[in-house]
Amino acid sequence: MGPGDKTMKDDGCYRVLTEAKGCVRTIILNRPRQLNALSYQMISKLLKLFLAYEVDPEVKLLIMKGEGRAFCAGGDVSAVVKSVVKDHWSHGANFFRNEFVLNYIISTYSKPQVSILNGIVMGGGAGVSIHGRFRVATETSVFAMPETALGLFPDIGASYFLSRLPGNFGEYVGLTGVRLDGAEMLACGLATHFVPSTRLSLLEESFIQKAPSDPEAISAVINKFSELPSLKQTSAYNRLDIIDRCFCKGTVEEIICELELEARSCSDEWIKGAIQSLKKASPSSLKISLRSIREGRSQGVGQCLIREYRMVSHILRGEISKDFFEGCRAILVDKDKNPKWEPSKLELVSEEMISKYFAPVDDPEWEELSFPRLRRGTGRSKL
């Protein structure tokens, strides 16, 4: 086949597919029954692809999309928990190490990446897209960082991009796990463009025909198919003033208290939903998530990922709290949606406990997260 021919390869049992046309490479997450949840093998394959494309002079533009009704619903945390329970916590740490390295490579990549965020975009799915230069939402997009309901925290460098959303919208999104639609993603900056799903195939064809490689040309191509959607009247983003007033508070307890005060004079459903979500989430997760996002405001993406790797390593060890394992049991395995958190209340989670998550792991086998130096291109380093 010549360089202009389409090639479809089996990458990791068809879990990651690649399509080559001219100077454009399309990466397709192909695990639709699992909503394209990222397995260890998929992350490893993506790492290899990004590193290979970086040094390939024939590759000028990357497109990433998902097969089916999801872009990517996150990392396969059920498999992570099984590997930790069956073997050792370091097996889970290896999963997150590779995932975070991939996130960093994407954030510093020298070649433009266009992510087609059609359908569900959660957790790890955000990690392989939001760090890229172009993020195209549609009317079917559903974004969320639901980690606090699982006993985890918004990871994959989320403390970097959530902390840079307008006002305190990032704290609202990260702590409550609220779902955002495509219009909200565009409004807050998680998406760079909004293209109706019926026009996505035309957009991809235009990329192939025009083969743009510089950001302005790529943006011009997307703009031809873009629309400016209106926010729903009930969107919480319309009440950013209330969100800022509540989520600027110094502690989770104060945030909930302020929300409850607002609820007395405002009957908006999003406030009720936020209070309910915060009271159902893991108290430990809420507190470390708030501190993580706040620290992220003054850190580069690399620093955020290094800190988040410390945090997730402590969570996998289960010495401070076992909430992550309990959350996965209740939400993903038994599906009784009734996790028994320990500590069970916010006031029982001390500052000393929170600080332990942010310290290096006291284990001779453990190493801080580090990143490879890409052989070509200076990238867009945010470290």
Side-chain angles (χ1 to χ4, degrees), residues 74 96 99-100 102-104 106-108 115 117 121-133 135 137 143-149 152-180 184-192 236-237 239-256 258-259 274 277-278 281-282 284-312 315 351 354-355 357-358 369 371 380-383:
F96 286 102
E99 185 179 30
F100 291 4
L102 175 62
N103 301 150
Y104 181 77
I106 290 173
S107 75
T108 58
S115 298
L117 305 179
V121 187
M122 295 184 182
V128 296
S129 58
I130 304 300
H131 293 297
R133 194 181 296 264
R135 291 95 60 190
F143 175 94
M145 297 298 294
E147 287 80 7
T148 60
L152 197 56
F153 63 93
D155 58 339
I156 50 87
S159 61
Y160 178 82
F161 62 75
L162 289 179
S163 64
R164 283 157 177 81
L165 298 184
N168 295 98
F169 196 66
E171 281 95 330
Y172 166 62
V173 172
L175 295 182
T176 67
V178 64
R179 296 188 174 197
L180 307 179
E184 291 169 318
M185 291 174 67
L186 182 67
C188 74
L190 287 168
T192 59
Y237 198 73
R239 303 311 305 269
L240 195 55
D241 57 334
I242 297 179
I243 288 174
D244 288 349
R245 192 155 60 239
C246 296
F247 284 86
C248 73
K249 300 301 180 182
T251 67
V252 178
E253 292 93 329
E254 290 173 322
I255 289 172
I256 294 175
E258 194 68 23
L259 283 167
S277 295
L278 291 171
S282 158
S284 297
S285 292
L286 288 173
K287 289 203 170 186
I288 65 173
S289 296
L290 181 61
R291 176 168 165 178
S292 179
I293 294 170
R294 296 276 164 86
E295 289 194 5
R297 277 200 172 88
S298 60
Q299 296 177 332
V301 65
Q303 292 170 306
C304 287
L305 286 164
I306 289 169
R307 171 176 42 73
E308 290 173 11
Y309 183 68
R310 288 184 178 185
M311 296 167 66
V312 81
I315 283 175
E351 286 297 321
I354 298 169
S355 294
Y357 286 98
F358 294 78
L369 183 67
F371 308 109
R380 298 177 291 114
S381 179
K382 302 168 187 171
L383 182 61

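- Side-chain contact check for Ser289 versus Glu147: every heavy-atom pair is 4.5 Å or farther apart.
- A search for side chain to side chain donor-acceptor pair (under 3.5 Å) contacts involving Glu308 returns Ser159, not counting sequence neighbours.
- Closest approach of Leu180 and Cys188 over heavy atoms only: CD1-SG, 4.4 Å.
- Closest of all the heavy-atom pairs between Ile288 and Ile315 is CD1-CD1, 4.0 Å.
- One finds the CG atom of Leu369 at 12.5 Å from the CD atom of Gln303 (value rounded to the nearest 0.5 Å).
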For side chain to side chain contact (heavy atoms under 4.5 Å, CB included), just list the numbers for Thr176 and Phe247, CA-CA rounded to whole Å, side-chain angles, deciding distance to a tenth of an Å, and then say yes or no. CA-CA 11 Å; Thr176 67; Phe247 284 86; 4.0 Å; yes

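- Proximity of Ser292 to Tyr357: side-chain heavy atoms (C-beta onward) are nowhere separated by under 4.5 Å.
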With side chain to side chain contact (heavy atoms under 4.5 Å, CB included) as the test, would you mind laying out the steps for Val312 and Leu152 before giving the verdict? CA-CA 8 Å; Val312 81; Leu152 197 56; 4.1 Å; yes

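- Heavy atoms only, all atoms of each residue included: Thr148 and Ala281 are closest at O-CB, 3.6 Å.
- Ala149 pairs by the side-chain contact (heavy atoms from CB on, under 4.5 Å) definition with nothing, not counting sequence neighbours.
- Partners of Ser285 according to the side chain to side chain donor-acceptor pair (under 3.5 Å) rule, which considers only residues two or more places apart in sequence or in another chain, are Ser282.
- You'll find the ring centres of Tyr309 and Phe96 outside the 6.0 Å limit.
- Considering all non-hydrogen atoms of both residues, Met145 and Ala158 come closest at CE-CB, 3.7 Å.
- The OG atom of Ser277 sits 10.5 Å away from the CD1 atom of Ile256 when rounded to the nearest 0.5 Å.
- Not counting sequence neighbours, the partners of Ala236 by the side-chain contact (heavy atoms from CB on, under 4.5 Å) test are Tyr172, Ile243, Trp270.
- Atom SG of Cys248 and atom CD1 of Ile255 lie 8.0 Å apart (nearest 0.5 Å).
- Legend: residues meeting side chain to side chain donor-acceptor pair (under 3.5 Å) with Glu254, ordered by chain and number and at least two apart, are Thr251.
- Here Phe100 contributes atom CZ and Ile306 contributes atom CD1; the two are 11.5 Å apart, rounded to the nearest 0.5 Å.
- The side chain to side chain donor-acceptor pair (under 3.5 Å) check on Arg179 picks up nothing, with sequence neighbours excluded.
- Checked against salt bridge (charged side-chain N to carboxylate O under 4.0 Å, His left out), Arg291 has the following partners two or more places apart in sequence or in another chain: Glu295.
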I'd like to know whether Ile242 forms a side chain to side chain contact (heavy atoms under 4.5 Å, CB included) with Leu240, so could you lay out the CA-CA distance, the side-chain angles of the two residues, the decisive distance to 0.1 Å, and finally the verdict. CA-CA 5 Å; Ile242 297 179; Leu240 195 55; over 6 Å; no

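- For the salt bridge (charged side-chain N to carboxylate O under 4.0 Å, His left out) condition, no pair includes a residue of residues 160-169, sequence neighbours left out.
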May I have the step-by-step check of side chain to side chain contact (heavy atoms under 4.5 Å, CB included) for Leu305 and Phe371, ending in yes or no? CA-CA 10 Å; Leu305 286 164; Phe371 308 109; 4.0 Å; yes

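- Scored by the salt bridge (charged side-chain N to carboxylate O under 4.0 Å, His left out) test, Glu171 finds Arg294, Arg297 as partners (sequence neighbours excluded).
- Partners of Arg245 according to the salt bridge (charged side-chain N to carboxylate O under 4.0 Å, His left out) rule, which considers only residues two or more places apart in sequence or in another chain, are Glu262.
- Looking only at distances, no side-chain donor or acceptor of Arg135 sits under 3.5 Å from a matching main-chain atom of Ser129.
- The side-chain heavy atoms of Asn103 and Val301, taken from C-beta on, include no pair separated by under 4.5 Å.
- One finds the CG atom of Asn168 at 10.0 Å from the CG atom of Leu175 (value rounded to the nearest 0.5 Å).
- When atom types are taken as modelled, the side chain of Ser163 and the backbone of Tyr160 share a donor-acceptor pair closer than 3.5 angstrom.
- Considering every non-hydrogen atom in both Ile130 and Leu190, the closest pair reads CD1-O, 3.5 Å.
- For the pair Phe358/Arg310, no side-chain contact is recorded, criterion being any heavy-atom separation below 4.5 Å from C-beta on.
- Among all heavy-atom pairs drawn from Ala137 and Ala191, the shortest one is CB-CB, 3.8 Å.
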